[in-house]
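All residue numbers in this chain count up from 1 along the given sequence. All values derive from a computational prediction rather than experimental measurement.
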Amino acid sequence: MSDINELYAKARQAAASAYAPYSKFHVGAVVVADDGRVFTGCNVENAAYGSAICAEGNAISTAAAAGVRKIDAVVIACLNAGECYPCGNCRQLMREFGVDTVVVQDGVGSLRTHRFAEILPHSFGPDSLENNPK
């Protein structure tokens, strides 16, 4: 995987492009595919709050559109918040693409690296569904 600090800097650059007129919560994300390619995304809000697009989902969707099916790491940055952990929907999306590592900023400006199972324990995904009889 690339240098975490470089990836975090890219995530902060992506966060600067966020469209967040309602929450003012500017988030950027970087995903690192298993082949080393790097994709970025930012959150995009709209007046129908539930239709907003998270930075992590944006980056993962961009990677998927490029043919990526396995993501090794996700790095998340927020410009104007302390802690910046992914929402439940994004955690499940990460599980779908087999993310191993999630890096987030904590409340004091440090980076925290987590194994994916730490942030979504007892998860289910494509591999668990394939093994269950219908």
Side-chain angles (χ1 to χ4, degrees):
M1 183 170 59
S2 301
D3 177 77
I4 293 295
N5 291 319
E6 289 177 25
L7 294 171
Y8 181 68
K10 287 180 188 252
R12 287 189 60 81
Q13 287 175 333
S17 297
Y19 179 74
Y22 305 102
S23 72
K24 310 291 189 241
F25 191 65
H26 294 83
V27 182
V30 169
V31 299
V32 181
D34 63 342
D35 63 6
R37 289 184 290 165
V38 173
F39 300 88
T40 61
C42 64
N43 58 317
V44 180
E45 296 177 349
N46 65 68
Y49 295 141
S51 320
I53 301 166
C54 296
E56 303 92 312
N58 189 332
I60 291 170
S61 296
T62 301
V68 172
R69 296 298 178 262
K70 171 70 174 85
I71 295 171
D72 288 340
V74 177
V75 180
I76 306 163
C78 303
L79 293 187
N80 51 352
E83 289 188 324
C84 193
Y85 280 86
C87 72
N89 287 335
C90 288
R91 291 175 197 214
Q92 186 61 44
L93 186 59
M94 289 178 199
R95 174 63 170 87
E96 190 71 21
F97 285 86
V99 171
D100 297 317
T101 304
V102 179
V103 179
V104 298
Q105 68 187 51
D106 66 12
V108 294
S110 298
L111 297 180
R112 295 191 63 169
T113 300
H114 298 278
R115 301 296 305 159
F116 181 77
E118 291 176 66
I119 67 165
L120 189 62
H122 312 292
S123 68
F124 66 94
D127 55 341
S128 57
L129 297 176
E130 291 170 359
N131 297 323
N132 289 328
K134 294 181 181 174

Closest contact, heavy atoms only, N43 versus V27: OD1-N, 2.8 Å
Side chains of Q13 and T40 in contact at under 4.5 Å (non-hydrogen atoms): no
Closest contact, heavy atoms only, A15 versus A77: CB-O, 4.0 Å
Whether H114 and Y85 hold their rings parallel, tilted or perpendicular, with breakpoints at 30° and 60°: tilted
Side-chain polar contacts of residues 52-66 - donor-acceptor pairs under 3.5 angstrom, sequence neighbours left out - could you list them?
residue, atom, partner, partner atom, Å
N58, ND2, C42, O, 2.9
S61, OG, G57, O, 2.8
T62, OG1, N58, O, 2.9

Heavy-atom neighbours of N80 CG exceed 12 at 6.0 Å: yes
Spacing of OG1 belonging to T101 relative to CD belonging to E118, to within rounding of 0.5 Å: 9.5 Å
Pair S23-E45, side-chain donor/acceptor within less than 3.5 Å: yes
Whether S51 side chain and A48 backbone form a donor-acceptor pair below 3.5 Å: yes
M94/L120 under side chain to side chain contact (heavy atoms under 4.5 Å, CB included): CA gap, chis, key distance, verdict: CA-CA 10 Å; M94 289 178 199; L120 189 62; over 6 Å; no
Reported NZ-to-CG distance for the pair K10 and N5, which is rounded to 0.5 angstrom: 13.5 Å
Side chain proximity check, V103 to Y8, heavy atoms < 4.5 angstrom: no
Residue pair L93 / P86, side-chain heavy-atom distance below 4.5 Å: no
Closest approach of V68 to F39 (non-hydrogen atoms, all atoms of both residues): CG2-CE1, 3.7 Å
Heavy-atom side-chain contact between I71 and V32 under 4.5 Å: no
Exercise: identify the closest heavy-atom pair between V30 and A11: CG2-N, 3.4 Å
Set of residues satisfying side-chain contact (heavy atoms from CB on, under 4.5 Å) with respect to D100, sequence neighbours excluded: K70, D72, R115
Greater than 12 external heavy atoms within 6.0 Å of R37's CZ: yes
Check: R12 side chain, L79 main-chain N or O, donor-acceptor pair, under 3.5 Å: no
Residue pair V38 / L7, side-chain heavy-atom distance below 4.5 Å: yes
Any Q105 side-chain heavy atom under 4.5 Å of C78 side chain: yes
